[in-house]
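So the structure is just underneath, and the comments pick up after that.
Hydrogens, waters and symmetry mates are skipped; everything else that's a heavy atom, side chains included, is used.
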Amino acid sequence: DINYKSMMYREALKTGFYELQAARDRYREGCMSGMHKELVFRFIEVQTLLLCPICPHLAEHLWELIGKSGSIMDASWPVAGKIDQPLLKSADYLAAR
């Protein structure tokens with residue numbers, strides 16, 4: 001959101017796509033019994049919303065593919081929840097083992 005407001009579109013793309021992909025990959029590697037379907041779809045939804053200002057036609061197509069009704073242009077901007085720092089530290093510890 002900050003990158004878009006500052007018109008730093010390259011940084012917005014980096015955050016909205018590459019860093020989010022890296023977070024998804026890290027989650028996938030940490031899953032012992034497979035990824036949760038609802039979480040994967042939420043990831044796709046959020047990533048599509050973040051890329052919409054840069055790639056509106058692709059975002060609209062993806063929006064339809066994941067079964068969302070209406071146009072992505074009418075969708076709300078995603079809001080991040082509270083970050084659970086102890087959980088992240090635990091995940092880092094387990095990943096290092």
Side-chain angles (χ1 to χ4, degrees):
D1 195 31
I2 294 169
N3 291 326
Y4 282 117
K5 287 179 182 177
S6 303
M7 292 191 284
M8 298 173 59
Y9 299 114
R10 183 183 307 171
E11 290 301 313
L13 180 61
K14 179 182 171 193
T15 303
F17 186 77
Y18 297 109
E19 289 182 14
L20 201 52
Q21 286 288 100
R24 193 259 349 247
D25 291 346
R26 187 170 161 202
Y27 166 70
R28 184 184 63 217
E29 291 167 2
C31 288
M32 298 296 179
S33 60
M35 296 167 55
H36 295 256
K37 180 180 178 181
E38 295 84 15
L39 185 58
V40 172
F41 274 93
R42 179 65 179 149
F43 165 81
I44 295 168
E45 178 184 343
V46 168
Q47 190 167 53
T48 302
L49 287 165
L50 293 176
L51 293 175
C52 185
I54 298 171
C55 319
H57 296 91
L58 175 63
E60 191 70 48
H61 180 67
L62 291 172
W63 196 249
E64 291 174 12
L65 285 176
I66 62 173
K68 296 294 182 177
S69 60
S71 173
I72 193 170
M73 298 301 174
D74 297 326
S76 299
W77 192 253
V79 177
K82 182 181 174 190
I83 297 172
D84 188 343
Q85 291 296 339
L87 182 63
L88 291 176
K89 287 181 181 180
S90 297
D92 287 341
Y93 176 78
L94 291 173
R97 298 287 165 184

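For R26 and E29, the salt-bridge test fails: no basic side-chain N is under 4.0 Å from an acidic carboxylate O. The residues R28 and D25 are annotated as salt-bridged, a charged nitrogen and a carboxylate oxygen being separated by less than 4.0 angstrom.
In this structure, Y93 and L88 have side chains that are not in contact, with every pair of non-hydrogen atoms separated by 4.5 Å or more. In this structure, the side chains of H61 and L65 come closer than 4.5 Å at one or more pairs of heavy atoms. Within the 4.5 Å cutoff, the side chain of F43 has no heavy atoms near those of the Y27 side chain. The shortest side-chain heavy-atom distance between V46 and L20 falls under the 4.5 Å cut-off. With a 4.5 Å cut-off on side-chain heavy atoms, Q47 and R24 do not count as touching. Two residues are said to be in side-chain contact when any heavy atoms from C-beta on lie closer than 4.5 Å; W77 and P53 meet this criterion.
Closest heavy-atom contact between I72 and C52: CG2-SG, 3.6 Å. Between L50 and P78, the closest heavy-atom pair is CD2-CG, 4.0 Å. Here the closest non-hydrogen pair linking L49 and S76 is CD1-O, 3.6 Å.
To the nearest 0.5 angstrom, L51 atom CG is 8.5 Å from L62 atom CG.
Sparse packing is recorded around CD1 of I83, with 12 or fewer heavy atoms of other residues, nucleotides or ligands lying under 6.0 Å away.
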